Visitor: 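The structure under discussion is supplied below as structure tokens; questions concerning it will follow.
It should be emphasised that the depicted structure is a prediction, and the values quoted were computed from it without experimental measurement.
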Amino acid sequence: EIAAEEWIETPPDLKLDEDMFVARIQGHSMEPRIPDGSLCVFRRNVVGSRNGRLVLVRNSELADDNQYTVKRYKSEKRHTEEGFEQTRIRLESLNPAYPSWDLDEDSDKYQVVAEFVRVLG
């Protein structure tokens, strides 16, 4: 369930659309780019390559506030006869004091919910 905590005015250069939403980010793993407690804009329905982008990921096996995380998405692929096949997907913290990890092969466990757009404040 989603409920609004507060209303804020967005910067004039930010053009919002129906695929965007704002979430408060807790933690230090993405500092300095995303400070603890920041309000951040995200865009649902990520299109194109996610490689190198900051994404909001949901772990469906967790039921608490820790089920969501923001990380840099890194994908490694190899060429096959049919095209390309992903061999590794890694979620990376920007802050080296925090762990990064490879996604499990169970593709249903993790879902990329949205792409990071910017910090509001």
Visitor: Report the relative orientation of the aromatic rings in F21 and F42; use parallel for angles under 30°, tilted for 30 to 60°, perpendicular for over 60°.
Guide: parallel
Visitor: Hey, what do you get for CG (N45) to CE (M20), rounding to the nearest 0.5 Å?
Guide: 12.0 Å
Visitor: Please check: side-chain N/O of R53 versus main-chain N/O of S49, any donor-acceptor pairing under 3.5 Å?
Guide: yes
Visitor: Looking only at heavy atoms, what is the nearest atom pair of S93 and P99, with distance?
Guide: OG-O, 2.8 Å
Visitor: Locate the shortest heavy-atom distance separating R58 from S60; write the atom from each residue and the value.
Guide: NH1-CB, 3.5 Å
Visitor: Between R90 and S75, is there a side-chain heavy-atom distance shorter than 4.5 Å?
Guide: no
Visitor: Please tell me whether L94 and V70 are part of a single hydrophobic cluster in this structure, the criterion being side-chain heavy atoms less than 4.5 Å apart.
Guide: yes
Visitor: Any side-chain heavy-atom pair from V112 and L56 closer than 4.5 angstrom?
Guide: no
Visitor: Can you find a heavy atom in the side chain of S38 that is under 4.5 Å from one in the side chain of L120?
Guide: no
Visitor: For residues N51 and K74, report the shortest heavy-atom separation together with the two atoms involved.
Guide: OD1-CA, 3.2 Å
Visitor: How long is the gap from CG on L103 to CG on N59, to the nearest 0.5 Å?
Guide: 9.5 Å
Visitor: Show your reasoning for whether side-chain contact (heavy atoms from CB on, under 4.5 Å) applies to V57 and L91.
Guide: CA-CA 9 Å; V57 177; L91 296 179; 4.1 Å; yes
Visitor: Output a table of donor-acceptor pairs, distance under 3.5 Å, between side-chain atoms of residues 22-30 and any protein atom two or more places apart or on a different chain; print 'none' if there are none.
Guide:
{"unit_1": "R24", "atom_1": "NH1", "unit_2": "G37", "atom_2": "O", "d": "2.9"}
{"unit_1": "R24", "atom_1": "NH2", "unit_2": "E6", "atom_2": "OE2", "d": "2.9"}
{"unit_1": "H28", "atom_1": "ND1", "unit_2": "E31", "atom_2": "OE1", "d": "3.1"}
{"unit_1": "H28", "atom_1": "ND1", "unit_2": "E31", "atom_2": "OE2", "d": "2.9"}
{"unit_1": "S29", "atom_1": "OG", "unit_2": "K71", "atom_2": "NZ", "d": "2.8"}

Visitor: For the hydrophobic clusters of this structure (ILVMFWY residues joined by side-chain heavy atoms under 4.5 Å, transitively), does one cluster hold both L16 and V113?
Guide: no
Visitor: Are V46 and I89 grouped together when hydrophobic residues (ILVMFWY) are joined by side-chain heavy atoms under 4.5 angstrom apart?
Guide: yes
Visitor: Can you tell me how far CD of E92 sits from CH2 of W101, rounded to the nearest 0.5 angstrom?
Guide: 11.0 Å
Visitor: Give me the atom names and distance for the closest heavy-atom approach of D19 to D17.
Guide: N-OD1, 2.8 Å
Visitor: If you round to the nearest 0.5 Å, how far is CZ of R118 from CG of L39?
Guide: 12.5 Å
Visitor: With ring pair (Phe, Tyr, Trp, His ring centres under 6.0 Å) as the rule and sequence neighbours excluded, what pairs involving residues 51-78 come up?
Guide: none
Visitor: Going through the checks in order, is the side-chain contact (heavy atoms from CB on, under 4.5 Å) test met by E115 and L54?
Guide: CA-CA 6 Å; E115 174 185 4; L54 301 185; over 6 Å; no
